[in-house]
Amino acid sequence: MMLHFIEQALTSFVASAAFGIIFNAPRRMLLHGGFVGMIGWIIYVVLEYAADAVPATLAATIAVGVISQLFSRMFRSPVIIFSVAGIIPLVPGGLAYNAMRSFVQNDYNAAVELAAKALMLSGAIAVGLVLSEVLNQMIRRTPHLFRSKT
């Protein structure tokens, strides 16, 4: 069980970092982008055991967005470098492929079910990224609420 979890974490790290390479992210940011993707995937896997895939994807995407915002400030780089690489492990590409394959094979019931789930997961990714940006804007506009009073 633990070995499987570690394999998934490492695979998501490599996938996220490799996606950064494909999209010409700066070399010094590849490890950070991989880390964001790995954290997002770990959150997804942990929450999927307790809940459905859609809320797990939403929570993982919000975490990816928040970490991307933090890394953007820390490393003085565009947030998109981290957020795009970070959501790659969460994208339901295999599910969408299986939906299209079911359509081609005239298995319409399975196709509609798979397509609906892929659409919900994609929507959760979009909503999660928007919510993380809203959180970031709220924090930036009301800094006095989030600072310690020492």
Side-chain angles (χ1 to χ4, degrees), residues 1-139 146:
M1 177 68 175
M2 187 61 159
L3 184 61
H4 181 66
F5 186 75
I6 292 170
E7 286 174 352
Q8 285 196 15
L10 290 175
T11 304
S12 61
F13 177 88
V14 170
S16 297
F19 196 83
I21 292 170
I22 291 171
F23 281 91
N24 294 324
R27 282 187 182 175
R28 59 188 176 86
M29 296 299 140
L30 293 177
L31 293 178
H32 305 301
F35 178 76
V36 173
M38 183 179 69
I39 294 299
W41 184 253
I42 288 170
I43 291 170
Y44 170 79
V45 168
V46 168
L47 292 178
E48 189 186 25
Y49 285 120
D52 189 41
V54 176
T57 301
L58 178 65
T61 305
I62 290 171
V64 164
V66 169
I67 295 168
S68 296
Q69 295 285 345
L70 291 172
F71 278 13
S72 173
R73 283 194 213 113
M74 284 173 55
F75 302 115
R76 301 187 195 285
S77 295
V79 71
I80 195 134
I81 290 172
F82 307 109
S83 63
V84 170
I87 63 166
I88 288 305
L90 301 173
V91 172
L95 201 58
Y97 170 80
N98 288 333
M100 290 300 110
R101 190 168 133 208
S102 294
F103 272 120
V104 170
Q105 294 175 340
N106 295 326
D107 186 3
Y108 298 116
N109 290 332
V112 169
E113 182 181 335
L114 292 169
K117 187 162 185 172
L119 184 64
M120 288 189 297
L121 292 172
S122 300
I125 290 170
V127 169
L129 288 174
V130 168
L131 284 176
S132 68
E133 179 61 31
V134 168
L135 285 171
N136 178 51
Q137 292 297 323
M138 285 174 46
I139 290 169
F146 299 99

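Small disclaimer: the values here were computed from a predicted structure and weren't measured.
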Only pairs under 3.5 Å count here: list side-chain donor-acceptor contacts from residues 14-26, not counting sequence neighbours, and write none if there are none.
from, atom 1, to, atom 2, distance (Å)
S16, OG, S12, O, 3.0
S16, OG, A85, O, 3.1

Pair up each side-chain donor or acceptor in residues 86-96 with any protein partner under 3.5 Å, not counting sequence neighbours, and list the distances.
none

Inter-residue atom distance [X].[atom1] - [Y].[atom2], 0.5 Å rounding:
X    : Y    : atom1 : atom2 : value
I125 : M120 : CD1   : CE    : 12.5 Å
F75  : F82  : CZ    : CZ    : 6.5 Å
S132 : Q137 : OG    : CD    : 10.5 Å
I62  : E133 : CD1   : CD    : 13.0 Å
R73  : N136 : CZ    : CG    : 4.5 Å
I43  : L58  : CD1   : CG    : 11.5 Å

query = Between M38 and I42, is a side-chain contact (heavy atoms from CB on, under 4.5 Å) present by the stated rule, with each step listed?
reply = CA-CA 6 Å; M38 183 179 69; I42 288 170; 3.9 Å; yes
message = Testing the basics here: between A56 and E48, what is the closest heavy-atom pair and its distance to 0.1 Å?
response = CB-N, 3.7 Å
message = Looking at every heavy atom in both A99 and L114, which two are closest together, and how far apart are they?
response = CB-CB, 3.7 Å
ask   = Partners of N98 by side chain to side chain donor-acceptor pair (under 3.5 Å), sequence neighbours excluded?
value = none
query = Who passes side chain to side chain contact (heavy atoms under 4.5 Å, CB included) against I80, sequence neighbours left out?
reply = P78, S83, V84
inquiry  = So, using side chain to side chain contact (heavy atoms under 4.5 Å, CB included) as the criterion, who are the partners of E7 when residues are at least two apart?
reply    = L3, H4
message = Run I6 and M2 through side-chain contact (heavy atoms from CB on, under 4.5 Å) and show every step you take.
response = CA-CA 6 Å; I6 292 170; M2 187 61 159; 4.2 Å; yes
request  = Just do the side-chain contact (heavy atoms from CB on, under 4.5 Å) check on F13 and W41 with the steps written out, would you?
outcome  = CA-CA 9 Å; F13 177 88; W41 184 253; over 6 Å; no
inquiry  = Test your reading of the model: is there a side-chain donor-acceptor pair from T57 to the backbone of L121, 3.5 Å cut-off?
reply    = no
task = Can you run down the ring-ring contact (aromatic ring centres under 6.0 Å, His included) pairs that involve residues 89-114, sequence neighbours left out, and say none if there aren't any?
result = none
message = Tell me whether the count of non-hydrogen atoms from other residues, nucleotides or ligands lying under 6.0 Å of CZ in R101 goes above 12.
response = no
